[in-house]
Number of protein chains: 2
Amino acid sequence: MKTITVLLADDHLVVRSGLKALLGTQPGIEVVAEAASGEEALALVEQHGPAVVMMDLAMGAGMDGIEAIRQLRQRNSGQAILVFTTYDSDADIVRAVDAGAMGYLLKDASPEEIFAAVRGAVHGKSVMSAPVASRLFQQLRNPDAILTPREAELLSLLTEGLSNRELGQRLFISEATVKTHLAHIYAKLGVESRSAAIATAIRREGMR
Amino acid sequence: MKTITVLLADDHLVVRSGLKALLGTQPGIEVVAEAASGEEALALVEQHGPAVVMMDLAMGAGMDGIEAIRQLRQRNSGQAILVFTTYDSDADIVRAVDAGAMGYLLKDASPEEIFAAVRGAVHGKSVMSAPVASRLFQQLRNPDAILTPREAELLSLLTEGLSNRELGQRLFISEATVKTHLAHIYAKLGVESRSAAIATAIRREGMR
DNA sequence: AGCAGCATCAGCCAAAAGGCTGAGGTCGGC
DNA sequence: GCCGACCTCAGCCTTTTGGCTGATGCTGCT
């Protein structure tokens with residue numbers, strides 16, 4: 001069996017260190033590089049061409065994990081990308097899968113889950129933590145409430161306290177379009193105001 | 001020099017694993033136990049009597065880190081307690097120090113910071129990450145930014161997504177008064193909109 | 001008594017947000 | 001080729017928020 005090469009991307013040193021220690025106990029899996037930011041991850045993937053990339057979504061300043069995933073996919077160099085993050089936000093899950101993630105693990109996953117995910121990923125199998133899977137399942141049952149990728153992106157920025165104008169500038173769309181998306185988001189979340197949307201997004205979606 | 005015994009309390013396996021790997025490289029420091037919850041931490045401290053406890057604040061269900069720190073202090077078995085967490089929430093810092101924490105490290109701290117904190121802790125030195133220290137400093141310099149009880153109450157309700165009218169009804173005051181309080185809150189938080197206030201309240205003050 | 005901080009309210013105006021209708025463009029599936 | 005989902009935008013109107021100024025009453029401290 002060929003050794004599976006892995007690249008870790010996480011801004012927390014302890015997390016990289018822990019993941020490396022865990023994966024190091026497994027024969028057939030080898031961590032070949034570590035990145036502390038999205039930019040670094042892109043560069044190191046280029047350099048090492050790992051089979052699997054484990055990526056955090058929130059990585060301090062600069063490029064976030066979603067964007068890094070998207071860019072990796074565009075270059076199409078064949079890595080399987082696993083999201084490895086703390087929160088199981090609906091919106092993040094949608095966006096990550098949309099961007100091209102193969103799996104979605106939470107940081108409190110057991111070693112077995114992690115190993116299985118890495119091994120599965122190289123064979124094209126997508127693995128996700130139980131809470132993540134149950135969220136997706138929940139969503140499939142009432143499809144009307146599923147946010148589109150764009151809406152999820154907006155909601156995510158919304159929880160940072162941006163105004164419509166700022167949202168538009170950030171996403172390169174007009175304020176009118178922002179308002180349209182917001183109206184859809186409110187309807188799907190079952191709220192009638194921006195504030196309530198932020199509140200439920202954070203509580204129900206685990207965003208922050 | 002005596003070996004420093006350390007107990008790790010964090011609900012994320014990768015974090016414990018990473019911390020253990022990092023500390024393991026240091027002569028004179030030994031991780032003697034790991035706990036995944038506050039309750040477990042209390043039991044294991046009893047059993048192992050470590051010199052230093054490194055404690056996460058958010059530990060899933062059950063007892064949180066603050067409460068665990070408080071109980072450890074009450075038993076007064078002489079451990080130095082270091083907080084090791086992801087967020088530098090003002091409220092958390094104050095509460096942790098109040099509960100009896102010796103230091104406050106963020107998870108993106110460098111290995112050197114971590115080692116120094118552990119070594120310093122046993123000698124009664126309190127070490128905190130730079131962002132944490134600067135936050136405390138900020139607060140001390142700027143007492144004007146402390147919310148009054150009424151303002152804090154409003155802010156708390158604000159994070160539930162209520163409108164001005166609803167806030168007024170809930171607190172039995174007029175909408176005009178609500179607006180006055182909000183204006184003061186915005187000024188103190190350094191924001192210009194309700195959304196941004198909610199966002200910073202949740203992120204910075206740890207409300208949810 | 002006087003003063004400072006807090007909580008309460010009013011009125012006025014400008015800016016932002018929200019509700020509504022309609023509409024053009026792309027893309028993938030049937 | 002048609003249809004549906006999605007993303008994009010415009011205009012119009014109402015409601016909500018926010019900025020400002022000023023005012024009253026209470027309380028605790030000096």
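Keep in mind that what you see is a predicted model, and the values were worked out from it rather than measured. The basis for the numbers below is simple: all heavy atoms, side chains too, and nothing from hydrogens, waters or symmetry mates. Residue numbering restarts at 1 for every chain, and letters A, B, ... go by the order of the sequence lines.
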- Message: Between A:Val6 and A:Leu23, does the side chain to side chain contact (heavy atoms under 4.5 Å, CB included) criterion hold? Intermediate values first, please.
- Response: CA-CA 9 Å; A:Val6 179; A:Leu23 294 176; 4.2 Å; yes

Just how far, in rounded Å, is [atom2] of [N] from [atom1] of [X]?
X	N	atom1	atom2	result
B:Leu171	C:dT8	CG	P	8 Å
A:Glu151	D:dC6	CD	P	7 Å
A:Asp98	D:dC6	CG	C1'	12 Å
B:Gln169	C:dT8	CD	P	15 Å
B:Leu147	C:dC6	CG	P	11 Å
B:His184	C:dG5	NE2	P	12 Å
B:Ile173	C:dA7	CD1	P	10 Å
B:Ile198	C:dA17	CD1	P	12 Å

- Query: Between the two end axes of the helix from C:dA1-D:dT30 to C:dC30-D:dG1, each built from 5 base pairs, what angle do you get to the nearest 10°?
  - Reply: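 Between the axes fitted at each end of the helix from C:dA1-D:dT30 to C:dC30-D:dG1 lies an angle of 40°.
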
- For A:Leu162 and A:Arg194 the tightest heavy-atom approach is O-NH1, 2.8 Å

- Message: Tell me whether the side-chain N/O atoms of B:Thr148 come closer than 4.0 Å to OP1 or OP2 in C:dC6.
- Response: no

- Could you tell me whether the phosphate oxygens of C:dC9, OP1 or OP2, come under 4.0 Å of any side-chain nitrogen or oxygen in B:Ser174? yes

- Decide yes or no on salt bridge (Lys or Arg N to Asp or Glu O under 4.0 Å) for B:Lys107 and B:Asp56, but give the supporting numbers first. CA-CA 9 Å; B:Lys107 284 192 180 166; B:Asp56 190 8; 3.4 Å; yes

Quick check against the 3.5 Å criterion: does [X] have a side-chain atom that pairs as donor or acceptor with the backbone of [Y]?
X	Y	answer
B:Ser17	B:Leu13	no
A:Glu166	A:Ser163	yes
B:Gln74	B:Gln71	no

- Item | For B:Glu153, all residues meeting side chain to side chain donor-acceptor pair (under 3.5 Å), sequence neighbours excluded |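 With neighbours one apart ignored, the set is B:Arg150.
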
- Query: In the 5'-to-3' direction, what one-character label does each nucleotide of nucleotides 14-27 of chain D receive under the scheme B = base within less than 4.0 Å of a protein heavy atom, S = sugar-phosphate only, - = no such atom?
  - Reply: --SSBB--------

Could you tabulate the donor-acceptor pairs under 3.5 Å formed by side-chain atoms of residues 25-34 of chain A, not counting sequence neighbours?
residue: A:Thr25; atom: OG1; partner: A:Leu22; partner atom: O; Å: 2.6
residue: A:Glu34; atom: OE1; partner: A:Arg16; partner atom: NE; Å: 3.0
residue: A:Glu34; atom: OE2; partner: A:Lys20; partner atom: NZ; Å: 3.3

- Message: Side chain of B:Arg150, heavy atoms from C-beta onward: which of C:dC9, D:dT8, C:dT8 has the nearest atom to it?
- Response: C:dT8

Please tabulate, one pair per line, all N/O donor-acceptor pairs under 3.5 Å involving side-chain atoms of residues 40-54 of chain A, not counting sequence neighbours.
residue: A:Glu40; atom: OE1; partner: A:Ala36; partner atom: N; Å: 2.9
residue: A:Glu46; atom: OE1; partner: A:Arg75; partner atom: NH1; Å: 3.0
residue: A:His48; atom: ND1; partner: A:Leu44; partner atom: O; Å: 3.2

- Query: Under 3.5 Å, is there a donor-acceptor pair between the B:Ser174 and B:Thr177 side chains?
  - Reply: yes

Anything under 3.5 Å between a protein N or O and an N or O of nucleotides 25-27 of chain C, put it in a table, one pair a line.
none

- Query: Less than 4.5 Å apart, any side-chain heavy atom of A:Leu147 and any of A:Leu155?
  - Reply: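 In contact.
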
